[in-house]
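Single-structure report; data block below.
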Amino acid sequence: MFGNNTFFDKLKSICEAYAAYPLANHSTFKIGGKAEFAAFPKTADELCRILSFASSCDVRVRVFGNASNVLFSSDGVSGLVIFTGQIKELSAEGEYIRASCGVKLSSLCNFALKNELSGAEFAFGIPGTVGGAVYMNAGAHGGEISHILVESTCLNMCTGEILTLSASEHEFGYRKSIFENGELLVLSSLFALKRGSAEEIEAKMKEYTEKRKASQPLSMPSAGSVFKRPAVGFSGKYIEDAGLKGFKIGGAQVSEKHAGFIVNAGGATSGDVLALIEKVKKVVSEKFGVMLETEIIYVE
Ligand SMILES: Cc1cc2nc3c(=O)[nH]c(=O)nc-3n(C[C@H](O)[C@H](O)[C@H](O)COP(=O)(O)OP(=O)(O)OC[C@H]3O[C@@H](n4cnc5c(N)ncnc54)[C@H](O)[C@@H]3O)c2cc1C
């Protein structure tokens with residue numbers, strides 16, 4: 001552990017921060033040990049200042065939004081973990097919405113509805129933030145972030161430079177983007193929507209919510225779909241056809257409701273989840289010759 005109180009004292013002088021912060025309550029999986037340090041900046045400026053300070057102290061930094069696509073190690077995470085959820089500015093200009101990295105996708109969608117702007121409805125119900133969604137190119141119901149994103153204001157964590165990336169410079173692919181290289185951080189993004197009728201927008205959001213409720217184990221902690229969609233077919237279908245629905249290792253279980261999800265059925269550790277992921281990959285590969293690729297991100 002980083003045995004230096006000076007680092008923590010200075011960190012606290014920049015923004016809300018904690019030492020030995022329990023991560024489980026801060027992830028949708030409800031799994032994770034303690035972060036050596038955790039920080040909760042309220043503005044992009046605070047975020048940039050923390051990053052510059054941590055870099056000057058050579059402290060490892062990881063940045064998360066709502067931690068809805070990650071599995072934190074039950075042994076804890078060394079260095080500094082930053083959660084952006086309090087950086088949540090939203091503004092509309094004509095048919096454009098600018099949203100800070102910590103804005104929840106549900107807030108973005110409700111804001112679009114209020115402004116009678118259509119195009120973001122697909123994202124309603126994805127429990128992430130704008131930053132995490134841009135990183136993942138999150139998508140659902142045939143839509144994805146790349147369809148509505150115009151540009152992002154980013155911080156280069158190596159140089160401290162603030163730059164604007166156009167949509168094409170995001171190098172979006174299926175559940176991937178340039179942010180995977182770990183150099184750039186999304187500070188805010190600009191989205192282009194279209195004028196629409198509030199009733200129609202709201203009806204779509206309701207329809208998508210109902211679809212999620214009917215098909216996903218929303219009452220149990222999870223990180224959503226564990227595997228990416230393979231080139232052919234659906235991961236959930238392969239897992240179900242392999243007879244693994246409900247299969248459990250420790251407290252981790254292949255969801256009875258949606259086999260593409262692993263749920264924390266009570267007291268699951270990251271080791272349980274990782275072992276279950278390996279088991280699922282092995283069985284599906286042996287039965288169908290399909291190598292599933294993990295979508296969720298393991299953080300240790
Ligand atoms: C019940 C449930 C349903 C889900 N349904 C869907 C779905 O339909 N479609 C879908 O695509 N996903 C879905 N997910 C997964 C997840 O919600 C999305 O991937 C979401 O976009 C992640 O956002 P986040 O803020 O939680 O990111 P986090 O989990 O916090 O982080 C994910 C990655 O993004 C990086 N990151 C976070 N913020 C930033 C930033 N500001 N700049 C750069 N990198 C950043 C992190 O370092 C990490 O590598 C679901 C998850 C759950 C639990």
Side-chain angles (χ1 to χ4, degrees), residues 23 26-32 38 41 44 47-48 50-51 60-72 77 79-88 99-109 121-147 149 152-157 165 170 172-189 208-209 211-213 215-229 236 255 257-258 260-264 294-300:
L23 291 167
H26 216 93
S27 88
T28 56
F29 235 145
K30 301 287 173 243
I31 295 174
L47 174 61
C48 294
I50 305 167
L51 286 163
R60 192 176 80 136
V61 181
R62 307 293 301 262
V63 179
F64 301 99
N66 197 36
S68 65
N69 206 47
V70 297
L71 171 64
F72 289 125
V77 176
L80 172 63
V81 171
I82 300 177
F83 291 102
T84 64
Q86 297 190 47
I87 309 174
K88 43 188 186 189
S100 298
C101 54
V103 169
K104 289 239 177 88
L105 292 177
S106 54
S107 307
L108 174 70
C109 295
E121 296 91 319
F122 73 88
F124 193 62
I126 301 178
T129 60
V130 164
V134 171
Y135 177 106
M136 295 300 303
N137 189 16
H141 314 291
E144 60 182 36
I145 287 294
S146 67
H147 296 170
L149 185 131
S152 296
T153 303
C154 305
L155 172 74
N156 183 318
M157 291 192 276
L165 282 197
H170 284 60
F172 282 125
Y174 171 67
R175 300 291 175 268
K176 63 191 283 189
S177 70
I178 192 170
F179 297 93
E180 267 179 9
N181 75 15
E183 236 177 63
L184 296 171
L185 207 62
V186 179
L187 296 177
S188 68
S189 295
Y208 293 157
T209 303
K211 276 192 180 157
R212 269 180 197 277
K213 276 193 196 153
S215 63
Q216 298 183 354
L218 300 183
S219 61
M220 297 181 89
S222 80
S225 292
V226 174
F227 304 100
K228 293 190 178 184
R229 196 175 55 225
S255 165
K257 195 163 181 181
H258 185 318
F261 280 52
I262 287 178
V263 293
N264 179 354
T294 312
E295 175 178 319
I296 60 172
I297 299 158
Y298 178 54
V299 183
E300 55 187 336

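Start at 1 and go down the list; that is how both ligands and their atoms are numbered. None of these values were measured; they are calculated from a predicted model.
The side-chain heavy atoms of Thr294 and Ile296, taken from C-beta on, include a pair separated by under 4.5 Å. Between Leu51 and Ile82 the shortest side-chain heavy-atom distance falls below 4.5 Å. Between Tyr208 and Ile126, the closest side-chain pair of non-hydrogen atoms is not below 4.5 Å. With contacts defined as side-chain heavy-atom distances shorter than 4.5 Å, the pair Cys101/Leu185 does not qualify. In this structure the side chain of His170 reaches within 4.5 angstrom of the side chain of Ser152, judged on heavy atoms. Between Thr129 and Phe64, the closest side-chain pair of non-hydrogen atoms is not below 4.5 Å. In this structure, the side chains of Met136 and Ile297 come closer than 4.5 Å at one or more pairs of heavy atoms. Side-chain contact between Phe179 and Leu165 is present, with at least one heavy-atom pair separated by less than 4.5 Å.
Between Glu295 and ligand 1, not a single N/O pair is under 3.5 Å apart. For ligand 1, none of its N or O atoms has an N or O atom of Gly125 under 3.5 Å away. Of the N or O atoms in Gly65, one or more lie within a sub-3.5 Å distance of an N or O in ligand 1. Not one N or O of Leu185 is nearer than 3.5 Å to an N or O of ligand 1, by distance alone. Residue Thr129 places at least one N or O, backbone or side chain, under 3.5 Å from an N or O of ligand 1.
Under 4.0 angstrom from ligand 1, the non-hydrogen atoms of Tyr135 all belong to its side chain. Looking at Thr28 against ligand 1, only its side chain comes within 4.0 Å, counting heavy atoms. Contact annotation for Ile297 and ligand 1: only side-chain heavy atoms (C-beta onward) come within less than 4.0 Å of the ligand. In Glu144, neither the side chain nor the backbone holds a heavy atom less than 4.0 Å from any atom of ligand 1. In Ala223, the part holding a heavy atom less than 4.0 Å from any atom of ligand 1 is the backbone.
When hydrogens are left out, the protein atom nearest atom 50 (C) of ligand 1 is Pro127 CD, 3.6 Å; that is the closest non-hydrogen contact. Taking atom 41 (N) of ligand 1 as the reference point, the nearest protein heavy-atom neighbour is Val186 O, 3.0 Å. Atom 12 (N) of ligand 1 has its closest protein heavy atom at Ile126 CG2, 3.9 Å. Residue, atom and distance of the protein heavy atom nearest to atom 53 (C) of ligand 1 are Gly224 N, 3.3 Å. The protein atom (non-hydrogen) at minimum distance from atom 47 (O) of ligand 1 is Val63 O, 2.6 Å. Nearest non-hydrogen protein atom to atom 8 (O) of ligand 1 is Arg212 NH2, 2.8 Å. Closest to atom 26 (O) of ligand 1 among all protein heavy atoms lies Ser68 OG, 2.6 Å. In terms of protein heavy-atom proximity, atom 23 (O) of ligand 1 is nearest to Gly128 CA, 3.3 Å.
Under a 3.5 Å cut-off, the side chain of Lys30 and the backbone N or O of Met220 do not form any donor-acceptor pair. In this structure, Ser177 contributes its side chain and Phe172 its backbone to no donor-acceptor pair below 3.5 Å.
Counting only non-hydrogen atoms, the option in Gly139, Gly182, Ala140 that gets closest to atom 10 (C) of ligand 1 is Gly139. Of the candidates Leu184, Asn137, Asn69, Ile145, it is Asn69 that places a heavy atom closest to atom 15 (C) of ligand 1.
Sorted by first and then second residue, the side chain to side chain donor-acceptor pair (under 3.5 Å) pairs involving residues 130-145 (not counting sequence neighbours) are Asn137-Glu144, Glu144-Ser146.
Annotation for Lys104: atom NZ does not count as buried by contact number, only 12 or fewer foreign heavy atoms lying within 6.0 Å. In this structure, Lys88 places its NZ atom where only 12 or fewer heavy-atom neighbours from other residues, nucleotides or ligands lie under 6.0 Å away.
Distances from ligand 1 to the non-hydrogen atoms of Arg62 include no value under 4.0 Å. Contact between Glu180 and ligand 1 is absent, with no heavy atom of the residue lying under 4.0 Å from the ligand.
Close approach to Cys101 involves these atoms of ligand 1, each under 4.0 Å from a residue heavy atom: 41 (N). Using a 4.0 Å cut-off to heavy atoms of Met136, the atoms of ligand 1 that qualify are 19 (O). For ligand 1, the atoms sitting less than 4.0 Å from at least one non-hydrogen atom of Gln216 are 3 (C), numbered in the order shown with element in parentheses. Atoms of ligand 1 found under 4.0 Å from any heavy atom of Ala138, numbered from 1 in the order shown, are 11 (O), 21 (O).
To the nearest 0.5 Å, the span separating CE on Met157 from CG on Leu184 amounts to 7.5 Å.
Here the shortest heavy-atom pairing between Phe83 and Gly65 reads CD2-O, 3.8 Å.
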